[in-house]
Amino acid sequence: MVAATGNADTTVGHGELIKAVDRALTTHGRALLTGPAGAGKTELVRALTEAAARRHETVLRLAPEPADRWIPEASAAALLASVPAAALEQLSGPQRTAIALLRRETDAPRVGRDHVALRLAVVEVLRTLAARGPVLLALDNAQWLDAESTDLLRFALRLTPPRVRVLAAECVLGGAPLAEPLCGPGTPQIRVPPLGTDEIAELLVRRGLPARLAGRIHQASGGNPRLALALGHSLAEAAGTRDGGAHHADPLPVSGQAREVARRLLGVLPAQARRTLLLAALAARPTTALLRRAGRPDAEAELALAERAALVTVEEDGAVRFTAGALPTALAADAGWPERAAGHAALAAAVDDPIQAVRHRALAVDTPDRELAAEIAEAAAACRRRGQRALAAELGLLAADRTPWHLPGEELARLVGAAEDAGWSGRADLARRAARAVLARDASPADRVRARLAVIDAAGQALAALDETFAHAAADAEGEPALQAAVRLRTAWKHNLSDGDPVRSRDAAAEAGVLAAAGGDQVAEAMALTVRARMGRILGDAGAEEILTEALALPAPEVPLGMRNAPQYLAVRHALFDDRLVDARGQLLVLLPAVQRTGSAEDVFEVLRSLTEVELRRGRCAAATGHARHALELTTEAGLSPGPAWYVAAMAEAMGGSFPRAAGYALRGIQASEEEHDQVFLSRSLYALGLVELATGEAAKAVATLRRVADLEAAQQVVDPSILRWHGELAEALVAADAPDEAAELMARVRTTALELGRTSVIAALDRARGLCLSAQGEAEEAVALLEATAQRFALLQLPLERARTLLALARVERRRRRRAPARAALRAASELFAEAGATPWTELAREPSPGESGGGTRTLAALTEAETRLALLVAQGASNQEAAAKLFVSVKTVEARLTRIYQKLDVRSRAQLATLLRAR
């Protein structure tokens, strides 16, 4: 929503706000938009004036610049310059003369002008325009109106008819809005809110910027559209000059346009308040008390100004939080070294955390100091023990930087340690910085490998661009089995995640295991066995469980490569796949505090993701939604790849939230995973989208989406159908899209594999789809018997949502054969199960039709597939079977079969009844 662009897509996320302003203008004739610079006020004004122009209203626009504030009557002159000449013809001679002088000589001396005539002229012009139709006076940047123009407009607007409406927009510079007196008392004030993460993602996608960074950009911009786009463009420019492009965990570059936008936001504050904000920016956990101790006695008052300008929020306990993460970065960047050093020195004496005190003392000087370097290194070690690995990495780099040049061994050890801390915490920027420093020194091959592996570990899902790093690491590790094992292990992860090739991943893991055993590294050996077991499960290898058991038998204390890669965690995933949900949940609740202590955000996310999936399978949607929300927040805060988090959020919303929100998250996940070449979570986000499309009756879309999942799974050679259960959904979608034969072929193929592997619940899901297929093929009795039996099997498996979905399918089958009482009973049972599980959108799907809806109501119409809906509309419009077949590119026989199903679903008996029903709806 940047003023300079003027593109329609800049009103992203503000559709409801435009309606609210329209209502205020209609009801009160006045509306005042407020918000910080870049919030989107200009674009909202533009959208509203364009809508008014389309309604053939007269629109007068005024947008003064900062310099206009000091030129008397400058804004009035600009406004009158836009008035059509015809509106001036009826003015009296003195009034025309006053306007002519104003328009021609804005900067001339005001002595001798007839100001009364000028005021009356403005009133008369507005009355003349209002006599011809509604008038909208749009005042953008109202904070830059000069005092004389404000006084003139205030006078004129008091005397104009109601048909003259006023829309004013301004940046609040502190205190009450300047345009409030101009618009009059009681004017509705509407603050432009910040955009949410999803809206920022949409804005980025429309501008061709990477959606995977939406969470980071939202956090850095505070939802300010102008700052968000500026940050996005800065990232795009930085990607062209950095190996591997912009990474999701990199700090956002607050430079160029982004820094200028941040400066404008901060520029509304006086110098003293900005100095207080600089101290807050330099502190790790700023509070009003800390700022006072650091030499800012008026901190509360100065922060209150900043809070009114929407720059910070001050909590009840005094904690200070910047609304946009780019603001502290800009403050620190714009301050000179002496000012920053003085700030850190003041904070070092004021903080009560010894680690932060050491950090500030280190940042207050820029000369080597052996004792200080040792203190910083000890603080880094303490952070490592606390699980604060990102802070440990930052301190490790500081310790290396403060180490005297004649101690290269100490400096190198600190750099390598900082790199590994950064890799653990996912801080790709710190990992690269430490690795570059290691590689620039006379480091051993082992240290070079450790530094390069840290860069790989910090990359998260984005491993596709690190081929060169892998190659150099392999070369440096030559001759050292333990180092070679570490490199091959990460190569195995890359083959699975980025390349989608479980066979190469399994083979690389097998090599890593042999090398780890030769090097005496039992932890790496356990990790290699874990990868083999994971890939074996994917490939349908019956021996995968034995390999996992072997991995679990090896000692694995604190796992240095992440719990997500440990056999203990894979055992939980297998329990989830096998529907041993109580066991899986119990183990996850033990792992959660353990991974939270290690400081690995990726490990914590993985546990939260699995908890979400387990709770959804157990039919506990509220708990699942809580875990998914936590996972999404963690992803944004830690800068993790957002694709997995958006998939988790999509699944939680699809079952327990809302279908539209679920589709939005799934689309974001698809975009992010495609950008990062993450094949694994691309297929998962597509599955979530296909599930929503199937549930909402968009069968053709669901087929297309789920076929993409099938293609991805085939390309990744996934054999086991229990890992991502898309097969039943695709079969149901094919049946709904009038492709029962294809559905039957798919079900037969997957059923064979599921029987061989003993995947009971997969077979039950296939049977639900087979029941719908039998119904579509006219075998209603067999369909009902199968669906009733399948619902009982899901009950025994303790999968309540799957059971409820089966009962919903049963109700539809019974309704199609006009057995209303059994249909209502199945529907009621499904609704109760959905409601008990908290599956809000599914509860609505299972809502029993009201008496007015029976026999052809909204619920019945919704039961039609897309293909059936198109045919019903054509027939209702009078098309014959032959004409409909030609338009739909199907055979007449297919049209006849579909029409029979339509009659059954809608409970009508003729074309005339069908046309009457559709006209009524």
Side-chain angles (χ1 to χ4, degrees), residues 647 650-651 654-655 659-660 662-667 669-671 673-674 679 682-716 718 721 724-751 753-754 762 765-777 783 802 805-806 808-809 812-813 816 841-842 845 861-874 884-885 887-891 894-895 897-898 901-902 905:
Y647 155 71
M651 288 303 299
M655 302 311 297
F659 289 136
Y665 280 128
L667 289 167
I670 292 165
Q671 178 85 20
S673 297
E674 286 176 334
Q679 302 301 300
L682 174 58
S683 60
R684 277 152 180 73
S685 290
L686 283 165
Y687 166 72
L689 179 62
L691 174 63
V692 170
E693 289 168 341
L694 175 62
T696 54
E698 297 182 289
K701 287 183 179 180
V703 168
T705 301
L706 293 169
R707 275 178 176 156
R708 284 189 65 189
V709 178
D711 292 342
L712 281 166
E713 294 274 289
Q716 294 172 68
V718 179
L724 183 63
R725 304 174 183 228
W726 53 269
H727 317 79
E729 270 76 18
L730 177 54
E732 287 189 40
L734 287 166
V735 171
D738 291 319
D741 293 340
E742 186 180 347
E745 181 184 346
L746 168 67
M747 287 184 286
R749 186 172 67 250
V750 177
R751 187 184 186 84
T753 304
V762 172
L766 292 172
D767 282 344
R768 179 174 61 223
R770 192 158 68 94
L772 292 169
C773 188
L774 289 170
S775 173
Q777 292 170 332
E802 296 297 331
R805 288 182 59 189
T806 306
L808 186 59
R812 289 171 179 166
V813 169
R816 284 171 193 166
W842 293 86
L845 279 185
L861 287 173
L864 296 182
T865 67
E866 283 189 27
E868 290 167 350
T869 300
R870 289 195 296 270
L871 175 58
L873 290 171
L874 285 173
K887 289 184 178 181
L888 296 174
F889 301 100
V890 296
S891 67
T894 299
V895 166
R898 283 185 190 172
R901 290 198 297 275
I902 291 168
K905 289 181 181 182

Side-chain (W842) to main-chain (A654) donor-acceptor, under 3.5 angstrom: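 Checked: pair present.
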Quick one: does E713's side chain have a donor or acceptor within less than 3.5 Å of a partner on V709's backbone?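 Flag not set: sc E713 to bb V709 has no pair under 3.5 Å.
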Please round to the nearest 0.5 Å and tell me the distance separating atom [atom1] of [X] and atom [atom2] of [Y].
| X | Y | atom1 | atom2 | value |
| --- | --- | --- | --- | --- |
| L712 | S673 | CG | OG | 10.0 Å |
| R768 | E729 | CZ | CD | 6.0 Å |
| C773 | D741 | SG | CG | 7.5 Å |
| H727 | M747 | NE2 | CE | 13.0 Å |
| L689 | T705 | CG | OG1 | 4.5 Å |
| T869 | I902 | OG1 | CD1 | 7.5 Å |

Taking all non-hydrogen atoms of both residues, which atom of [X] and which atom of [Y] are closest, and how far apart?
| X | Y | answer |
| --- | --- | --- |
| A783 | L774 | CB-CB, 3.8 Å |
| Y647 | A688 | CD1-CB, 4.4 Å |
| A699 | A737 | CB-N, 4.0 Å |

Hey, does [Y] have a side-chain heavy atom less than 4.5 Å from the side chain of [X]?
| X | Y | result |
| --- | --- | --- |
| Y687 | M651 | yes |
| I670 | L686 | yes |
| L734 | P740 | no |
| L845 | F659 | yes |

Does D767 form a salt bridge (charged side-chain N to carboxylate O under 4.0 Å, His left out) with R770? I'd like the steps, not just the answer. CA-CA 5 Å; D767 282 344; R770 192 158 68 94; 3.6 Å; yes
Should M655 and L691 be marked as a side-chain contact (heavy atoms from CB on, under 4.5 Å) after you check the CA-CA gap, both sets of side-chain angles, and the distance that decides it? CA-CA 10 Å; M655 302 311 297; L691 174 63; 4.2 Å; yes
